[in-house]
Structure formats: C-alpha cells, structure tokens
Amino acid sequence: MLSESEAIAKLTEFLDENFIEATQNIYNSKGRLVVTGIGKSAIIAQKMVATFNSTGTPSLFLHASEAIHGDLGMVQNDDSIICISKSGNSPEIKVLVPLLKRFGNTLIAITGNMTSFLAKGSDFVLNTTVEAEACPNNLAPTNSTTAQLVMGDAIAVCLMEMRDFKPENFAVYHPGGALGKKLLLRVKDMLEHTLKPMVAPDTPIKKVIFEISEKRLGVTAVVDENKVVGIITDGDIRRMLNDRDSFTDLTAKDIMTKNPKLIPSTAMVADALNILEDFSITQLVVVDNGEYKGVLHLHDILKEGIV
C-alpha cells in the first residue's frame with residue numbers, strides 16, 4: 001500500500017502543460033471521449049469511462065485489440081481519444097496509433113514510457129511512470145495501473161470543476177439506488193402513498209387516539225381551517241395517561257405541541273432526514289404555503305434505503 005501511495009504522490013511531479021492542454025481539449029471537444037487500452041490498462045480504461053460518463057463527459061470504451069478488427073467504426077471525427085499503455089510499445093498499440101491518427105482525432109497518451117511508440121505518436125502525453133511495481137517480482141501491473149487510474153480521476157475532477165458540475169447534475173446520471181434517491185427524492189414523492197392524519201383543536205382525546213392508531217404514523221396534526229396549529233404524537237398520549245387518571249374532559253388543543261417542525265413538500269428528503277436527526281424527532285409536518293399536506297415519518301425514509 002505504501003509503495004502504491006508513493007507512486008501516486010510522485011505523479012504530481014509529472015504534471016505539465018500536456019495535462020492542461022489535454023484536459024482543455026476534452027472540455028472543448030464537440031464529440032465524445034474514447035478511452036482505449038489492452039490488458040490491465042483496458043480494465044482501467046473501462047473504469048475511466050464509467051467515471052467520465054457519470055460526471056458529464058460522454059465517453060465510450062474501445063478495446064485496443066478489437067479496434068483493429070472492426071471496432072474502429074465507433075470513433076467519430078470530433079472524438080478525442082485517450083490511449084492507456086504502461087510500455088506504449090505493445091503490438092496492438094503500435095498497430096492502433098497510426099490508425100487513430102489517420103482519422104485526425106486528437107490522441108492523448110497515458111503511459112509510463114515517454115520514449116515509446118505511443119508517446120511519440122500522440123498529441124499530448126501524460127506521464128504515469130513508476131519506479132517499480134508493488135509486485136515482488138516487479139511484473140504484475142500494480143503501481144502502474146493505480147497511477148493510470150489516478151491520472152484518469154484527475155482529468156475527470158478537473159473537467160467537473162471546469163463545467164461547474166453540481167450535485168444536482170450528478171443526480172441526473174445516478175437516478176437509481178440509494179445515491180439517486182438521496183440526490184433526487186423530494187418530500188412530495190414520499191407523501192403519495194401515505195395517509196394524512198389530522199384532527200381539529202376541539203377533538204376529544206379518544207378520537208385523537210383513534211386517528212393516530214388508524215393512520216399508523218404515530219402522530220396526528222392538529223389542523224384549524226387547514227392550517228397546522230400543533231401536533232400530537234403517541235408519546236404525548238403516553239405522557240398524558242401517566243399524568244392523569246381521566247382524560248374525558250380533554251381535547252386535542254390541551255395536549256398538542258405547538259409550533260411543530262415543518263417542511264415544504266418541495267424539500268429534498270435528504271434535508272428532511274438531517275432535520276429529524278438534528279432535533280431527535282421521527283416525524284415532520286409537511287406544509288406548503290400554510291396548507292397541510294401530510295406527515296413525513298423517519299421509518300418511511302429508512303424504507304427507501306436513503307441511509
């Protein structure tokens with residue numbers, strides 16, 4: 001691990017105008033970014049493509065071996081190309097480079113050999129030289145592939161900054177899973193299938209208990225002329241029962257908590273979760289322009305798998 005971390009740290013010494021101009025070229029490109037390689041470098045190329053696509057740079061993977069057997073048709077005139085190879089001299093790379101240049105595309109090399117065939121044939125060369133591999137035999141690609149991976153991440157991060165790529169942009173490309181829900185799901189989306197418990201301020205406590213039990217959210221809003229004036233939780237009911245022998249003379253307004261925590265339906269569920277955690281509560285009353293919309297419960301958020 002230390003060997004690989006030291007190899008990565010030394011990459012900063014190799015950053016020069018090539019990195020700046022290569023990144024600028026990708027940013028200004030009217031086409032896509034094609035990333036190619038062979039062997040372990042091809043696997044790194046696939047990861048780079050995944051990162052670029054998810055951060056706003058349309059990209060595709062081209063296997064160097066398959067490229068010379070028909071897949072070159074994937075490359076369009078305006079595309080920029082990154083070719084990854086530690087040695088820069090593998091047979092497939094030597095065949096591929098002239099073919100790529102023939103189409104007039106900008107070729108960016110990521111290589112550990114600055115005098116290689118790939119380096120000499122590229123428009124920009126990003127140096128990922130490592131002194132040795134972490135492999136005890138100095139054979140298996142370890143430090144070298146990590147260096148390639150980090151160089152790709154550096155390009156991706158710079159492009160994100162150049163594009164002012166925000167979390168909401170990121171969400172567009174990650175609509176599924178917990179990450180997508182965290183970035184996209186709004187409170188109103190959670191209310192579509194939930195009940196809307198509410199009672200009037202003068203509602204007898206017995207009916208309040210029925211409302212809380214029936215709607216199964218552990219809470220009811222106290223609503224007067226469609227405006228929330230308070231909230232009653234099952235905890236409030238328990239405390240009332242502990243404090244009194246009889247509650248027949250009580251109404252909702254007598255035990256409700258005034259000024260409950262409110263949230264608009266347009267708020268992000270992730271923000272609602274932060275409020276629940278900050279105040280150690282399990283429900284939020286949803287209100288839009290003073291109008292009661294429903295209750296958002298912590299359990300519903302947990303069911304969505306956001307945390």
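Just so it is clear, the values below take in all heavy atoms, side chains as well, and ignore hydrogens, waters and symmetry mates. Along the sequence shown, residues are numbered consecutively beginning with 1.
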K.L.:
With a 4.5 Å heavy-atom cut-off, do I110 and I82 have their side chains touching?
P.N.:
yes

K.L.:
Minimum heavy-atom separation for S54 and F165, please, with both atom names.
P.N.:
O-CZ, 3.8 Å

K.L.:
Suppose clustering is done on Ile, Leu, Val, Met, Phe, Trp and Tyr with side-chain heavy atoms closer than 4.5 Å. Which residues sit in the same group as F210?
P.N.:
none

K.L.:
Honestly curious: do V229 and V285 fall in one hydrophobic cluster under the side-chain, below-4.5 Å linking rule?
P.N.:
no

K.L.:
If we ignore hydrogens and angles and just use 3.5 Å, is the side chain of S144 paired with the main-chain N or O of K86 as donor and acceptor?
P.N.:
no

K.L.:
Under 4.5 Å between side-chain heavy atoms, counting indirect links through other Ile/Leu/Val/Met/Phe/Trp/Tyr residues: same cluster for L33 and F124 or not?
P.N.:
yes

K.L.:
Would you mind reporting whether I232 and I237 have side-chain heavy atoms less than 4.5 Å apart?
P.N.:
yes

K.L.:
Going hydrophobic residue to hydrophobic residue with side-chain gaps under 4.5 angstrom, can you get from V295 over to V287?
P.N.:
yes

K.L.:
Less than 4.5 Å apart, side chain to side chain, heavy atoms only: is that true for V95 and P91?
P.N.:
no

K.L.:
For Q76, does the CD atom have more than 12 heavy-atom neighbours from other residues, nucleotides or ligands under 6.0 Å away?
P.N.:
yes

K.L.:
With a 4.5 Å limit on heavy-atom distance, are the side chains of L273 and L298 in contact?
P.N.:
yes

K.L.:
Looking only at non-hydrogen atoms, find the nearest pair between D288 and P264 and report the distance.
P.N.:
OD1-CA, 3.5 Å

K.L.:
If hydrophobic clusters are built by linking Ile, Leu, Val, Met, Phe, Trp and Tyr wherever their side-chain heavy atoms come under 4.5 Å apart, do I231 and F279 end up in the same one?
P.N.:
no

K.L.:
Would you say that more than 12 heavy atoms from the other residues, nucleotides or ligands in this model lie under 6.0 Å from the NZ of K10, or not?
P.N.:
no

K.L.:
Run the salt bridge (charged side-chain N to carboxylate O under 4.0 Å, His left out) test on K207 and E214 for me, step by step, so that the C-alpha distance in whole Å, both residues' side-chain angles and the decisive distance to 0.1 Å come before the verdict.
P.N.:
CA-CA 10 Å; K207 290 187 177 181; E214 183 181 0; over 6 Å; no

K.L.:
Taking atom types as modelled, find out whether T115 and N113 have a side-chain donor-acceptor pair closer than 3.5 angstrom.
P.N.:
yes

K.L.:
Any side-chain to backbone donor/acceptor pair from S265 onto K188? Under 3.5 Å, distance only.
P.N.:
no

K.L.:
Examine L159 and L126 and state if one hydrophobic cluster contains both, with Ile, Leu, Val, Met, Phe, Trp and Tyr joined whenever side-chain heavy atoms are less than 4.5 Å apart.
P.N.:
yes

K.L.:
Are S116 and K120 linked by a side-chain donor-acceptor pair shorter than 3.5 Å?
P.N.:
no

K.L.:
How long is the straight-line distance from CZ of F117 back to OG of S122, given to the nearest 0.5 Å?
P.N.:
9.5 Å

K.L.:
Restricting to non-hydrogen atoms, name the atom on F52 and the atom on G152 that form the minimum distance, rounded to 0.1 Å.
P.N.:
CZ-O, 3.9 Å

K.L.:
Run the salt bridge (charged side-chain N to carboxylate O under 4.0 Å, His left out) test on D78 and R32 for me, step by step, so that the C-alpha distance in whole Å, both residues' side-chain angles and the decisive distance to 0.1 Å come before the verdict.
P.N.:
CA-CA 7 Å; D78 293 328; R32 305 154 304 172; over 6 Å; no

K.L.:
Under 3.5 Å, is there a donor-acceptor pair between the side chain of T128 and the main chain of A147?
P.N.:
no

K.L.:
Under 6.0 Å from the CG atom of N242, do we count more than 12 heavy atoms belonging to anything else shown?
P.N.:
yes

K.L.:
For T142 and E4, which I'm curious about, is there any donor-acceptor pair between the side chains at under 3.5 Å?
P.N.:
no

K.L.:
Side chain of S29, backbone of N25: donor and acceptor closer than 3.5 Å?
P.N.:
no

K.L.:
Kindly give the heavy-atom pair with the smallest separation between K47 and D153, and that separation in Å.
P.N.:
NZ-OD1, 2.7 Å

K.L.:
Could you check whether T233 and Q283, counting side-chain N and O atoms only, form a donor-acceptor pair closer than 3.5 Å?
P.N.:
no

K.L.:
With heavy-atom distances below 4.5 Å as the criterion, would you say the side chains of T251 and T203 are in contact?
P.N.:
no

K.L.:
Give the C-alpha distance, both sets of side-chain angles, the deciding distance and a yes or no for salt bridge (charged side-chain N to carboxylate O under 4.0 Å, His left out) between D236 and R239.
P.N.:
CA-CA 5 Å; D236 294 324; R239 284 186 289 273; 2.7 Å; yes

K.L.:
Do N137 side-chain atoms and L139 backbone N/O form a donor-acceptor pair below 3.5 Å?
P.N.:
no

K.L.:
Give, for atom CG of L185 and atom CD1 of I301, the distance between the pair rounded to the nearest 0.5 Å.
P.N.:
9.0 Å

K.L.:
Side chains of I155 and I26, heavy atoms from C-beta outward: is any pair under 4.5 Å?
P.N.:
yes

K.L.:
Can you list the residues that meet the salt bridge (Lys or Arg N to Asp or Glu O under 4.0 Å) rule with K261, with sequence neighbours excluded?
P.N.:
none

K.L.:
Please report the closest heavy-atom contact between H297 and L217, naming both atoms and the distance.
P.N.:
CD2-O, 3.0 Å

K.L.:
What is the minimum heavy-atom distance between S85 and G88, and which atoms define it?
P.N.:
OG-N, 2.8 Å

K.L.:
What residues form a side chain to side chain contact (heavy atoms under 4.5 Å, CB included) with N105, not counting sequence neighbours?
P.N.:
V75, D79, I81, F103

K.L.:
Using a 3.5 Å distance criterion without hydrogens, assess whether the side chain of K196 forms a donor-acceptor pair with backbone atoms of Y292.
P.N.:
yes

K.L.:
In terms of heavy-atom contacts, does NZ of K40 have more than 12 from other residues, nucleotides or ligands at under 6.0 Å?
P.N.:
no

K.L.:
Report, as yes or no, whether the 6.0 Å neighbourhood of atom CG on N226 holds more than 12 heavy atoms from other residues, nucleotides or ligands.
P.N.:
yes

K.L.:
Do the ring planes of H63 and F61 sit parallel (below 30°), tilted (30 to 60°) or perpendicular (above 60°)?
P.N.:
perpendicular

K.L.:
Say whether, by atom type as modelled, one donor and one acceptor occur between the side chain of S280 and the main chain of L276 under 3.5 angstrom.
P.N.:
no

K.L.:
Side chains of P197 and I212: does their closest heavy-atom pair fall under 4.5 Å?
P.N.:
no

K.L.:
Got I84 and T36 here, is their nearest side-chain heavy-atom distance under 4.5 Å?
P.N.:
no

